[in-house]
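Report on the following structure.
One-based numbering, in listed order, for ligands and for the atoms of each. No hydrogens, no waters, no symmetry mates; every other heavy atom, side chains included, goes into these values.
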Amino acid sequence: MRIFEEIKKIQDWCKEQKMLGKKIGLVPTMGYLHEGHLALVREARKHCDIVVVSIFVNPIQFGVGEDFEVYPRDFARDTELLEQEKVDAVFAPSNEEMYCRDSSTRVEVTGEIAEKLCGASRPGHFRGVTTVCSKLFNICLPDLAVFGQKDAQQVMVLEKMVRELNFPLEIIRVPIVREADGLAMSSRNVYLDPEARKQAIVLNKALGETAEAIQSGERDTARLKSRLREIIESSPRAEIDYAEIYDAYDLADVSEVDKQVIVALAVKFGRTRLIDNRLVEV
Ligand code: PAF
């Protein structure tokens, strides 16, 4: 497995791979890998000859007072896991390599899709994500990039960016990977103390009950959201940031569920903010 830290070196290598006719799959990550990330790697492998994984904790997608400094990092373990997956190359640049001192170019998707949910709670977050992913796409030249459905709004924003800026690549979404008790896998789960970890399963429970209610015929979004909040609030440590139901394609408001919707949650347990979601068909 090749490990690259410099943009020029991996870009030249990716160009060579493409000249050899290889199809490149990119899995962008911030490291501290878990089974959810490995599912993305395996999906990329199904479609591509070359799998590149980027590991970069992207400073510009974190707001002031967020967890950039303490975001969990374990490069040695990450590379060991990726070796086992037979990944071809890892791109792990420094902040200075990715953002030159006077870096001021940003890529931004505007509108509801980027401004609701995490866009409202974390101003500037998606601008950081779309900027770094644009750079990664230009550096690694992927034919395909793989993202997890856990970060549903992120993947929706990135799909819109790829469509509208004509990046020559396909985005693939991989379903959420959960722990045995239903908690969605996330690098941030390590922040949870044992009691918060126990209570955090309420997210998946709330999503499941909402999906069941819709499938049993409840269509009224206000009633569904009120029940959703009630279930989450039954966990004393849970503090809701948002609990919403929107159109699954563009996050438009829906008052009656008459098409595929996304039930989306962001809930804090102490200082740890977890997100989760479920797509529900009618
Ligand atoms: O989902 C993540 O880990 C990050 O937001 C991403 C896509 C790697 C961009 O930094």
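A salt bridge links Arg178 to Asp276: at least one charged side-chain nitrogen sits closer than 4.0 Å to a carboxylate oxygen.
For atom 3 (O) of ligand 1, the nearest protein heavy atom (residue, atom name, distance) is Met30 CG, 3.5 Å.
For atom 6 (C) of ligand 1, the nearest non-hydrogen atom from the set Gln154, His37, Lys135 belongs to Gln154.
Residue Val53 shares its hydrophobic cluster (ILVMFWY side chains chained together at separations under 4.5 Å) with Met1, Ile3, Val27, Leu33, Leu38, Leu40, Val41, Val51, Ile55, Phe75, Leu81, Leu82, Val87, Val90, Leu144, Val146, Ile172, Val174. Membership of the apolar cluster around Val177 extends to Met185, as traced through chained side-chain contacts below 4.5 Å between ILVMFWY residues.
Per-residue contacts place Val132 under 4.0 angstrom from the following atoms of ligand 1 (heavy atoms of the residue considered): 9 (C), 10 (O). Heavy-atom contacts of Thr29 reach the following atoms of ligand 1: 8 (C) (cutoff under 4.0 Å). Taking a cut-off of under 4.0 Å to the non-hydrogen atoms of Pro28, the atoms of ligand 1 that pass are 8 (C). When each atom of ligand 1 is checked for a heavy atom of Gln61 under 4.0 Å away, the hits are 4 (C), 5 (O), 9 (C), 10 (O).
Residues Arg122 and Glu66 approach most closely at NH2-OE1, 2.6 Å, considering heavy atoms.
Between Phe62 and Tyr71, the ring planes are perpendicular. Angles over 60° get that label, and only those under 30° would be called parallel.
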